[in-house]
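This structure is a prediction, so every number in the text was calculated from the model and none was measured.
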Amino acid sequence: YKIYSQEGKMKSFKIIILLISFILLFCLTMTSCAIKISDSQGLDYKVNEDDTCTITGMGDCTDTIVKIPAKIDGYEVVKIDDYAFSVDTVKKVIIPKTVTKIESRAFVDCKNLENISVDKDNSIYHSKGNCVIETESKTLVVGTKNSKIPNNGSVTSIGRYAFEGCKSLKKITFTNVVCQMDWCDSLEEIVYPADFTDFNRYRGDLIAFKCPNLKKITFPSVEKKHNIKISTEVVDIGKLFNSNILFFFFWSIFFRKGNR
């Protein structure tokens, strides 16, 4: 009798476990279906000569999460025009595989953009760390206030206006790679990699161009090697001059004649 009772309990226990597993699986499936994002409706567009189309603005769309359709009214979406998303209401954008051109100012002043991604099958762009990257040129073309620049070599330059209007971006820290920084009016500080010594490679480049509020540039490798602090007293220069002048001033003092 005791053996039968124990076997009965085990069977009941197994049945309960199976039921719970089935319920959990069902709930997960339903949740996944529920959070599926639909294509945004009402975006403004213009028809191109080749019967494709370009996104030109938000139009009647009020979505905070914008999923750009691959097609609108039968026209394939291939381009995002300048200022198309110059709004402060959008927090997330999903770019389809059909888009082959993102204009440099497409997301200028999209102040609250937190998340941006590109369809994995897009042949021109990819996304990583809330950055849109032009794959072949390794240029970061769109950033957000939550961007984390990849350190795997997939980014070697930051495009003009990539962070313009991103008011929350105050500091960029490069890890394993160094990028040219071009036009970010809110940026206040740049920190270069701890082991960065390849100054000759960037001789003559404007590593920080048109960042009028840039206050601080830190080169940890130089500070450590020479036991000096070279970044703490450049605070006010960035306010007086454009950062290209700041950089050349800094360069002429420390690096123009070689890695001293």
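If you check the side chains of N112 and D88, you find no donor sitting under 3.5 Å from an acceptor. A side-chain N or O of S157 and one of T139 form a donor-acceptor pair less than 3.5 Å apart.
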(message) Under the criterion side chain to side chain contact (heavy atoms under 4.5 Å, CB included), I'd like the reasoning laid out for I95 against I102: C-alpha separation, chi angles, the key distance, then a yes or no.
(response) CA-CA 10 Å; I95 299 171; I102 300 173; 3.9 Å; yes
(request) Apply side-chain hydrogen bond (donor to acceptor under 3.5 Å, both in side chains) to N146 and T144, showing your working. (result) CA-CA 5 Å; N146 293 329; T144 76; 5.2 Å; no
(request) Please lay out, stage by stage, how V141 and S104 fare under the test side chain to side chain contact (heavy atoms under 4.5 Å, CB included). (result) CA-CA 7 Å; V141 295; S104 60; over 6 Å; no
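Contact record, T56 with K46: CG2-CG, 3.8 Å, taken as the closest heavy-atom pair. Summarising the geometry of D119 relative to K97, their closest heavy-atom pair is CB-N, 3.4 Å, with the distance given to 0.1 Å. Across every non-hydrogen atom of E76 and K71, the tightest pair is CA-CG, 3.9 Å. Across V90 and V93, no two heavy atoms sit closer than the pair CG1-CG2, 3.5 Å. Shortest non-hydrogen contact noted between S127 and S117 is OG-CA, 3.5 Å. Annotation for D50 and T52: closest pair OD1-OG1, 2.5 Å, computed over non-hydrogen atoms.
A 4.5 Å side-chain heavy-atom check between E103 and T54 finds every atom pair outside the cut-off. Looking at K67 and D39, their side chains come closer than 4.5 Å, going by heavy atoms from C-beta outward. Side-chain contact between K145 and E114: present, with at least one pair of heavy atoms (C-beta onward) separated by less than 4.5 Å. Looking only at side-chain heavy atoms (C-beta outward), Y45 and V47 come within less than 4.5 Å of each other. Within the 4.5 Å cutoff, no side-chain heavy atoms of Y75 are placed close to those of N48. A heavy-atom distance below 4.5 Å is not found between the side chains of N122 and T135. Residues I68 and S40 fail the side-chain proximity criterion, which asks for heavy atoms closer than 4.5 Å. Looking at V99 and K79, their side chains never come closer than 4.5 Å, going by heavy atoms from C-beta outward.
Annotation: the span from F85 atom CZ to I55 atom CD1 amounts to 6.0 Å, rounded to 0.5 Å. To the nearest 0.5 Å, the span separating CD on E134 from NZ on K101 amounts to 7.0 Å. Here the straight-line distance linking atom SG of C53 with atom CG of D44 works out to 11.0 Å at 0.5 Å rounding. Residue S147 holds its OG atom at 13.0 Å from NZ of K128, rounded to the nearest 0.5 Å. With rounding to the nearest 0.5 Å, the separation of CG in N130 from NZ in K148 is 9.0 Å. Within the model, atoms CD of Q41 and CG of D60 stand 11.0 Å from one another, a figure rounded to the nearest 0.5 Å.
Residues V87 and V66 fall within the same hydrophobic cluster, defined by Ile, Leu, Val, Met, Phe, Trp and Tyr side chains chained together at heavy-atom separations under 4.5 Å. A single hydrophobic cluster is not seen to contain both Y83 and L43; linkage of ILVMFWY side chains at heavy-atom distances under 4.5 Å, directly or through other members, places them apart. Cluster membership check: F107 does not share its hydrophobic cluster with I158, using side-chain heavy-atom separations under 4.5 Å among Ile, Leu, Val, Met, Phe, Trp and Tyr. Note on I116 and I94: separate hydrophobic clusters, where clusters join Ile, Leu, Val, Met, Phe, Trp and Tyr whose side-chain heavy atoms are under 4.5 Å apart, directly or indirectly. The hydrophobic clustering, which links ILVMFWY residues whose side-chain heavy atoms are closer than 4.5 Å, places I133 and Y125 apart.
With hydrogens and angles ignored, the 3.5 Å screen pairs a side-chain donor or acceptor of S86 with a backbone N or O of V108.
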